[in-house]
Amino acid sequence: MLDARFVRENPDVVRKAMADRCASWSVDGFLELDTERRALIGELEGLQARRNEASKLIGGLMRDGKRDEAEALKAEVREINERISAIEAHVEAADTDVRNMLLTAPNLPDESTPFGEDETFNPEVRRWGTPRQFDFEPQAHWDLGPSLGIIDFERAVKLAESRFVLLGRDGARLNRALINFMLDVHGANGFVEWSPPALANAETLTGTGQLPKFEEDLYQTTDGLYLIPTAEVQLTNIHRDEVLEASDLPLRYCAYTPCFREEAGSAGRDTRGMIRVHQFDKVEMVKFASPETSFDELETMVAAAEGILQKLDLPYRVIILCTGDLGFSAAKTYDLEVWLPSYDGYKEISSCSNCTDFQARRAAIKYRSTGEFKGSRLAHTLNGSGLAVGRTLAAVIENYQNADGSISVPAALQPYMGGQTVIEPPAKPVG
RNA sequence: GGAGAGCUGGCCGAGUCGGUCGAAGGCGCUCGCCUGCUAAGCGAGUAAGGGGGUAAAGCCCCCUUCGAGGGUUCGAAUCCCUCGCUCUCCGCCA
């Protein structure tokens, strides 16, 4: 959420930010609602002040036994109250209008976020590793997985519907190995591990920005809870309505959770394999930082995500999202894209963002510092995948495949696979 | 699911025959004093959100908030109703 006062005082800055984002949020529409709201509040508070004053007088008159004068005042206050309740309804409506509008405004891009209309303008920052040259025709994971008996798309449809995945045998074990490996690496880097609920309430999802604007992307339960689309939601909201100590910052958290997404509006995209599915595993990182250090923390968060890919020896590149491609809550975002032979290109596997005070304002996440400043300030929140496990699994399968249809287990994962070094094709066809 | 107790400021915790209570006291914190150092001690200050005033930092005025919402009243942390959450006991259960 943007600061209403900032929008009021810097309309041109916000206008430019929205234009850069190709967002349709109307600054003028907001200013109009905001002005109306403040006028109504002024009117209401004037009446309330008079009522409070009169009530105090009544108290004194009653004590002094001046009943008649008190009764006259009471009658006056009754009248004031009628006017107050009439205006209150208007103020409430104006409050709701302003808040709703503010809740649908995306974050302001940081000045270091490059301008661009869409993803084709995202500049590449760096590459790591070299895509492997195969001396045989490499298979896509959606072919290789089923033939190895470690991914079963057809039965997943039977169990749920399309865009779900059933992992089996060494596929399930490899998936679990990846989760444990990622958590261990992040833990060694100082990220505190959590295991949060997979369901979240509306307030939580509003705090991180999924609600109210993106409800159609979420699975909702019959009693009003939502399946989390990412652990970012829970990790960030851990400190909702809290005041942190500056000396504790930055806080570095991580968690493994399943993630659930409706993928509304992406019909026809990435239809094959486990790249875009309704449920996937992810290890997520979240940081709480002071405004002074948050952009440095973003760099080290990207490095932490890169560390996983490097240890797995998977080629990748880092891009920075331009203004037109930036997510709703983010001021600056780096994407990590892993090399996928089946796509003959790089595919997003991690997204690391600094949301500055945008989520903190929604979720009331503050920090205080004795001596440095009075009161409390909004913290900055950051989040990043470290990494999307399903896509990592697909990348491992494709990049580590051998001519005989087997898969080598990356060295970093072997300790998590009981020392196993290769996943072999089954002796007889998988049934 | 049944019964009971509770939900107050950064934290703990007073506060019910409704008024001067945004709220005693304590802890913590800030500033100052004192003390070879430290600890202890002394004094003052210290909730959040919103609206307005001032050129502006400071500052000043006002409104709202004692789990949430509604009601009674001139006036509610205090009375009534509904809901949520926490705790204890019972039942059930991975």
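A, B, ... follow the sequence lines: proteins, then strands. Residue 1 opens every chain.
Taking the C1' atoms as reference points, rA14(B) lies 35 Å from rU35(B), given to the whole Å. Taking atom C1' on both rA23(B) and rG13(B), the two are 12 Å apart, rounded to the nearest angstrom.
Using a 4.0 Å cut-off between charged side-chain N and carboxylate O, Lys332(A) and Asp110(A) make no salt bridge.
The partner of rA94(B) cannot be assigned: no Watson-Crick or G-U wobble pair with both contacts below 3.5 Å exists in any strand. Pair assignment for rA76(B) gives none, since no Watson-Crick or G-U wobble pairing has each distance under 3.5 Å. In this structure, rG43(B) and rC31(B) make a Watson-Crick or G-U wobble pair, each of the two defining distances being under 3.5 angstrom.
As judged by a 4.0 angstrom heavy-atom cut-off over every strand, Arg50(A) is placed among residues making no nucleic acid contact. Counting non-hydrogen atoms under 4.0 angstrom, Ala49(A) reaches the backbone sugars and phosphates but no base.
Checking the phosphate oxygens (OP1, OP2) of rA47(B), no side-chain nitrogen or oxygen of Lys366(A) falls inside 4.0 Å. Side-chain N/O atoms of Arg368(A) include none lying less than 4.0 angstrom from OP1 or OP2 on rG10(B). Proximity of Asn52(A) to the phosphate of rC74(B): no side-chain N or O atom is located under 4.0 Å from OP1 or OP2. Contact annotation: Arg51(A) side-chain N/O to rC62(B) OP1/OP2 distance is not under 4.0 Å. Considering only side-chain N and O atoms, Arg37(A) lies under 4.0 angstrom from the phosphate OP1 or OP2 of rG51(B).
Put simply, the side chain of Glu45(A) and the base of rG50(B) share a donor and an acceptor less than 3.5 Å apart.
Shown for residues 67-93 of chain A: residues whose heavy atoms fall under 4.0 angstrom of RNA chain B, namely Lys74(A), Val77(A), Arg78(A), Asn81(A).
Side chains of Asn122(A) and Asp335(A): no donor on one and acceptor on the other come within 3.5 Å.
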Between the protein and nucleotides 92-94 of chain B, which nitrogen or oxygen pairs come in under 3.5 angstrom?
none

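A distance of 6.0 Å or more separates the ring centres of Phe121(A) and Phe115(A).
Counting only heavy atoms from C-beta on, Ile58(A) has its side chain closest to rC74(B) among rC74(B), rG10(B), rG51(B). Nearest nucleotide to the side chain of Ser55(A), out of rG19(B), rG10(B), rG52(B): rG19(B).
The shortest side-chain heavy-atom distance between Val165(A) and Gln279(A) does not fall under the 4.5 Å cut-off.
Of the two residues near RNA chain B, Arg38(A) and Gly59(A), the one whose nearest nucleotide lies more 5' is Gly59(A). The residue among Ser376(A) and Met62(A) whose nearest nucleotide of RNA chain B is located toward the 5' end is Met62(A).
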